[in-house]
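Here's the structure, in structure tokens; my notes come after.
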Amino acid sequence: QNETELAKEKNTIKEAETTILLTLYMGLFLGMVPVIGFPITIPEMGGKILFIGIILGIAAFLSSFFMGTLFGMPKRNNEKESDYSLNNSLVEISDWLTKIIVGLGLVNLKEIPDYLISLGEYVRTSSKYDGQLINIYSIGIVIYFGFLGLYIGYNYMRLVLSNKYKYADDNLIRKELEMANEKIHEVK
């Protein structure tokens with residue numbers, strides 16, 4: 001029966017990975033349409049703006065992906081009868097980092113639009129493009145890929161990595177119990 005449960009668990013993890021990857025691919029495809037589409041309309045500096053858009057998208061995605069994994073960090077229920085205790089330092093750090101990030105975000109919520117506008121202005125000035133559309137372009141990229149990264153990071157941690165952590169922890173506990181049983185048999 002343990003083998004069937006293990007097979008079901010592995011199948012569930014594989015389905016979760018597939019779902020997350022499909023969501024990621026769809027999100028990246030939909031996000032890349034405007035990232036590539038807008039610079040195509042600007043023949044004289046489209047390559048430069050495309051590069052800026054890709055860099056902004058990657059930065060927004062990766063930073064928010066990391067935050068999503070922090071928000072989705074699993075907690076282990078240690079109420080089993082065992083002397084073995086798992087190291088929860090990363091979970092504790094994740095908890096207080098999440099609280100700090102949410103707290104700072106709520107305190108500075110009214111300033112976020114100003115930060116985004118200044119980012120758009122900075123990109124427009126740096127690229128030496130005269131049109132205001134580049135402000136909307138850069139702000140849209142940061143918002144879209146930021147939310148995409150947060151969504152993918154959270155769900156990847158909750159649906160995939162948490163199951164892999166559980167599997168690894170359970171195997172570690174199982175090995176510790178087997179070693180303890182061997183010692184008991186040796187003593188007997």
How many angstroms lie between atom [atom1] of [X] and atom [atom2] of [Y], to the nearest 0.5 angstrom?
X      : Y      : atom1 : atom2 : value
Glu186 : Lys183 : CD    : NZ    : 8.5 Å
Ile40  : Leu50  : CD1   : CG    : 8.0 Å
Asn108 : Asp114 : CG    : CG    : 11.0 Å
Tyr25  : Leu30  : OH    : CG    : 15.0 Å
Leu28  : Thr23  : CG    : OG1   : 10.5 Å
Ile101 : Trp96  : CD1   : CH2   : 9.5 Å

Quiz item: Passes side chain to side chain contact (heavy atoms under 4.5 Å, CB included), Ile139 versus Val123? Steps please.
Solution: CA-CA 9 Å; Ile139 292 169; Val123 170; over 6 Å; no

Self-check item: Donor-acceptor under 3.5 Å (Thr69 side chain, Phe66 main chain)
Solution: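 Looks like yes, one N/O pair under 3.5 Å.
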
Quiz item: Is there a donor-acceptor contact under 3.5 Å from the side chain of Tyr144 to the main chain of Gly27?
Solution: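 Yes: the side chain of Tyr144 pairs with the backbone of Gly27.
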
Quiz item: Are the aromatic ring centres of Phe38 and Tyr137 under 6.0 angstrom apart?
Solution: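 Distance test on ring centres: under 6.0 Å, yes.
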
Self-check item: Passing option when Phe145 is tested against Ile58, Ile54, Val35, Leu56 for side chain to side chain contact (heavy atoms under 4.5 Å, CB included)
Solution: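 For Phe145, the side chain to side chain contact (heavy atoms under 4.5 Å, CB included) test succeeds with only one of Ile58, Ile54, Val35, Leu56, which is Val35.
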
Quiz item: Among Ser127, Ser126, Pro39, which residue meets the side chain to side chain contact (heavy atoms under 4.5 Å, CB included) test with Ile134?
Solution: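 Only one option passes, and that is Ser127.
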
Could you tell me whether the side chain of [Y] reaches within less than 4.5 Å of the side chain of [X], counting heavy atoms only?
X      : Y      : result
Phe65  : Leu150 : no
Glu15  : Thr18  : no
Ile117 : Asn135 : no

Are [Y] and [X] connected into the same hydrophobic cluster when the rule is that any two of I, L, V, M, F, W, Y join if their side-chain heavy atoms are below 4.5 Å apart?
X      : Y      : result
Leu62  : Leu161 : yes
Phe29  : Met32  : yes
Phe61  : Leu22  : no
Ile136 : Val142 : yes
Val107 : Tyr115 : no

Practice problem: List the steps and the verdict of side chain to side chain contact (heavy atoms under 4.5 Å, CB included) for Ile20 and Leu159. | Solution: CA-CA 8 Å; Ile20 294 297; Leu159 298 174; 4.0 Å; yes

Of all heavy-atom pairs between [X] and [Y], which one has the smallest distance, and what is that distance?
X      : Y      : result
Gly146 : Ser64  : O-OG, 2.7 Å
Lys128 : Met45  : O-CE, 3.8 Å
Ser138 : Gly120 : OG-CA, 3.4 Å

Quiz prompt | Linked hydrophobic residues, Phe51 as query - side chain contacts closer than 4.5 Å | solution =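 Once heavy-atom contacts under 4.5 Å are chained together, Phe51 belongs with Ile55.
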
Quiz item: Is it true that Lys14 and Glu17 have a side-chain N and a carboxylate O under 4.0 angstrom from each other?
Solution: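 Between Glu17 and Lys14 there is no salt bridge, as every charged N stays at least 4.0 Å from the carboxylate O atoms.
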
Quiz item: Within a radius of less than 6.0 Å around OH of Tyr151, do more than 12 heavy atoms belonging to other residues, nucleotides or ligands occur?
Solution: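 For Tyr151, atom OH is not crowded (no more than 12 foreign heavy atoms under 6.0 Å).
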
Practice problem: Would you indicate whether Asp130, at its atom CG, is surrounded by more than 12 heavy atoms from other residues, nucleotides or ligands within a distance under 6.0 Å? | Solution: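 12 or below, so no.
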
